[in-house]
Amino acid sequence: MPLTLTLTEGVLPKGQEKVAFSRLSEAMLKWHGLKGNQTMTSNVVGSIHVLPRDATFTGMQETPVVIIEWKVPSFAFANRDVQIGYFDESTAIVHELSGYQHPKDKVYINVVHAVDGAWNWGGKSLTNAEIGEAIAKG
C-alpha cells in the first residue's frame, strides 16, 4: 500500500519526515484493524517528497502544505468511520510534529483506489479476494 508523503520544506523539523511517514502508516493499519498483521505491515511502502517553499500551492498561491496520498485496493478506506478517524488522526500527527505550527487546514489527504486485479505483491498480480486471503493469513 504505497503512501506518498509530500511536504513543503520547513513544515516539519528536519528528520521528522520519517517519523511522520511511520506514524501515518501505523495509523492506517490501526484504522483498518491490521496493526501487527505481518502481511500488511510488509506491504506498506512509499516515499517522502520534500519540496522547496516556492513549489507548493493552494488557491494558485505559494503555500506550505502537507499532502498525504494512499494508493490502495478498493476495499481500503471504504468505511466512513475509517475515513474520518484516519483523516483526523493524520492531521493531528502532522500538526503535532510541526510543533503545532502548521495549520490543520493545510494538510490534504486523499486516497486512490486500484482496479481489482491491478495490485502486485511478490511479482504477482492479485485480486481483492487474493489480497484478503493473504491478509487473513497474517
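This structure is a prediction, so every number in the text was calculated from the model and none was measured.
In this structure, E89 and A27 approach most closely via the heavy-atom pair OE2-CB, 3.7 Å. What you find for A114 and W119 is that their closest heavy atoms are CB-CE3, 3.4 Å.
Between the side chain of S25 and the backbone N or O of F21 there is at least one donor-acceptor pair closer than 3.5 Å. Here the side chain of S90 pairs no donor or acceptor atom with the backbone of L24 at under 3.5 angstrom. Judged by distance alone, the side chain of H95 and the main-chain N or O of T91 form no donor-acceptor pair under 3.5 Å. Between the side chain of T56 and the main chain of T63, a donor-acceptor pair closer than 3.5 Å is present. Without hydrogens or angle criteria, R53 side chain to E9 main chain gives a donor-acceptor distance under 3.5 Å.
Note: the hydrophobic cluster containing I84 does not contain Y86 (ILVMFWY, side chain heavy atoms under 4.5 Å, direct or indirect links). Cluster membership for L5 and L51, using ILVMFWY side-chain heavy atoms within less than 4.5 angstrom, is not shared. V11 and I48 end up in the same hydrophobic cluster when Ile, Leu, Val, Met, Phe, Trp and Tyr side chains are linked at under 4.5 Å. Residues F57 and V66 do not share a hydrophobic cluster, clusters being chains of Ile/Leu/Val/Met/Phe/Trp/Tyr side chains in contact below 4.5 Å.
Side-chain contact between H32 and M40 is absent, with no heavy-atom pair separated by less than 4.5 Å. Residues N37 and L29 are not in side-chain contact: their nearest non-hydrogen atoms beyond the backbone lie 4.5 Å or more apart. Contact check for E96 versus R23: side-chain heavy atoms found under the 4.5 Å cut-off.
The CD1 atom of I131 sits 5.5 Å away from atom CH2 of W121, with the distance rounded to the nearest 0.5 Å. Rounding to the nearest 0.5 angstrom, the gap separating the OG1 atom in T4 from the NE2 atom in H49 is 5.0 Å. Separating the CG atom in D88 from the CD atom in Q83 is a distance of 11.5 Å, to the nearest 0.5 Å.
Residue E69 forms a side chain to side chain contact (heavy atoms under 4.5 Å, CB included) with just one option from V111, I109, V112, T6, and that option is V112.
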**Request:** Begin from the C-alpha positions of M28 and L3 and carry the test side-chain contact (heavy atoms from CB on, under 4.5 Å) through to its verdict.
**Result:** CA-CA 10 Å; M28 186 277 290; L3 166 60; over 6 Å; no

**Request:** Take L12 and S98 through the test side-chain contact (heavy atoms from CB on, under 4.5 Å) and record every step on the way to the result.
**Result:** CA-CA 5 Å; L12 299 182; S98 76; 3.9 Å; yes

**Request:** Begin from the C-alpha positions of H113 and V72 and carry the test side-chain contact (heavy atoms from CB on, under 4.5 Å) through to its verdict.
**Result:** CA-CA 5 Å; H113 283 133; V72 295; 3.5 Å; yes

**Message:** As a quick check of understanding, evaluate side-chain contact (heavy atoms from CB on, under 4.5 Å) for V94 and L7, giving each step before the final call.
**Reply:** CA-CA 10 Å; V94 169; L7 18 88; over 6 Å; no

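Under the side chain to side chain contact (heavy atoms under 4.5 Å, CB included) criterion, D116 pairs with T127, N128, sequence neighbours left out.
Aromatic ring orientation, F77 versus W70: tilted (interplanar angle from 30° to 60°).
Hydrophobic side-chain contacts under 4.5 Å tie Y108 into a cluster, directly or through other members, with V65, I67.
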